[in-house]
Amino acid sequence: MFNRRKFLGSSLLASTGWFLRTPGTTSFTYVNKPIVISTWDFGKAANAAAWELLSRQGKALDAVEAGVKIPEADPNNHSVGYGGLPDRDGHVTLDACIMDENSNCGSVMSLENIIHPISVARLVMEKTPHIVLAGDGALQFALANGFKKENLLTPESEKMWKEWLRQSKYEPVINVENKKYSAADKSFAPGGPQNHDTIGMLALDAAGNLSGACTTSGLAFKMHGRVGDSPIIGAGLFVDNEIGAATSTGVGEEVIRIVGSHLVVENMRLGLSPRDACRKAVERIVTRDPQKAKGLQVGFLAMKKDGSYGAFCIQKGFTYAVRSGSEEKIYESESWFS
Ligand code: GLY
């Protein structure tokens with residue numbers, strides 16, 4: 001049974017977190033909880049929704065689902081959910097995954113016509129013996145569980161797709177301070193669109209449990225059927241409740257190649273800080289092919305079990321949002337190339 005006196009004897013509440021007694025010692029470790037972090041500036045609004053739950057002793061799993069549903073429903077966000085840019089054939093196909101403190105996880109890939117893929121991913125986790133459902137199967141599962149079929153291609157996204165069709169140039173654009181990378185010239189020029197892609201969110205709740213969620217419409221004008229890192233457990237998201245959690249954004253193929261988020265968590269297991277763990281994963285991508293890396297953006301975001309957090313990316317321009325009892329802030333990530 002929960003013993004409040006014993007609990008208070010081994011923990012102290014600070015204004016913005018907890019000092020927990022290190023087992024078998026008389027020393028205390030500071031734990032910054034609850035806290036939620038997420039990728040990009042749009043993470044701020046998503047964090048606010050997650051914070052509503054976390055600040056009232058809610059579960060990290062519920063918080064990350066509620067949080068990422070904000071950009072999923074935002075028609076002005078062209079890289080997640082409703083209003084996401086379509087593939088080259090005009091289909092908005094969504095990828096998402098979710099993972100909790102007990103290594104339960106669920107994922108959907110290439111899901112069409114469902115505004116909240118993250119909630120379908122959660123149901124895959126909770127209602128099936130499987131981890132991943134893809135394409136039509138994922139859609140059938142969603143419809144059988146009460147989700148409504150909706151057109152996710154907004155007039156604005158359709159217009160952007162039709163403009164793209166005029167040239168139909170298959171050149172994934174990456175977000176580097178609004179600049180556009182030209183594979184032909186191997187350089188950046190001003191005026192690129194904001195291709196922010198994924199929202200990845202990590203939360204540590206008041207009970208000290210970690211969860212994460214990740215959701216995207218993927219690379220704009222991708223090949224039909226292309227799946228990125230975001231719905232792949234270990235690539236776009238990984239949670240280990242003993243150590244920490246990580247998520248990624250950017251060119252998914254490069255993240256999958258190194259099973260990026262899992263690598264970041266394993267780097268933290270070896271003792272690296274969240275920022276250094278992310279940097280080490282970026283280093284793995286850059287050193288594999290330094291020339292190619294000049295035209296790539298990948299960003300990692302990580303949180304340790306004590307609520308400390310950090311990020312690192314290849315190119316300047318990756319931001320992340322933090323919400324805790326002591327701060328609500330957007331940070332610019334350090335980058336490999338300046
Ligand atoms: N990181 C998102 C994607 O590559 O689809």
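Note that ligands are numbered from 1 as they come in the structure, with each ligand's atoms numbered from 1 the same way.
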Proximity of R226 to ligand 1 by residue part, where a heavy atom lies under 4.0 Å: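 The answer is the side chain.
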At a 4.0 Å threshold, what atoms of ligand 1 neighbour a non-hydrogen atom of [X]?
{"X": "S230", "result": "1 (N), 2 (C)"}
{"X": "G250", "result": "1 (N), 2 (C), 3 (C), 4 (O)"}
{"X": "T198", "result": "1 (N), 2 (C)"}
{"X": "G228", "result": "5 (O)"}
{"X": "D229", "result": "1 (N), 2 (C), 3 (C), 4 (O)"}

Below 4.5 Å, heavy atoms only, C-beta onward: do Q291 and D289 meet side chain to side chain?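 Result yes, sub-4.5 Å side-chain heavy-atom pair found.
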Polar proximity ligand 1 side, [X] side, N/O cut 3.5 Å exclusive:
{"X": "E253", "result": "no"}
{"X": "T216", "result": "no"}
{"X": "V251", "result": "no"}

Which pair of non-hydrogen atoms, one from W40 and one from G317, has the smallest distance, and what is that distance?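 Taking W40 first and G317 second, the nearest heavy atoms are CZ3-O, 3.4 Å.
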Which atom pair, heavy atoms only, marks the closest approach of F42 to T198?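 Where F42 meets T198 most closely, the heavy atoms are CZ-O, 3.9 Å.
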Going by atom type alone, with no hydrogens or angles, which donor-acceptor pairs under 3.5 Å involve a side-chain atom of residues 127-140 and a protein atom two or more places apart or on another chain?
from : atom 1 : to   : atom 2 : distance (Å)
K127 : NZ     : N145 : OD1    : 3.3
T128 : OG1    : V124 : O      : 2.7
T128 : OG1    : H130 : N      : 3.0
T128 : OG1    : H130 : O      : 3.3

Given 3.5 Å as the limit, does a donor-acceptor pair link the side chain of E101 with the main chain of N241, or not?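 It does not hold such a pair.
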D95 side chain to V227 backbone, donor-acceptor under 3.5 Å: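 Judged by distance alone, no pair lies under 3.5 Å.
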Which side-chain N or O atoms in residues 264-272 pair as donor and acceptor under 3.5 Å with protein atoms at least two apart or in another chain?
from : atom 1 : to   : atom 2 : distance (Å)
E266 : OE1    : R269 : NE     : 3.0
E266 : OE2    : R269 : NE     : 3.3
E266 : OE2    : R269 : NH2    : 2.9
N267 : ND2    : L263 : O      : 3.4
N267 : ND2    : A277 : O      : 3.1
R269 : NH2    : D240 : OD2    : 2.6

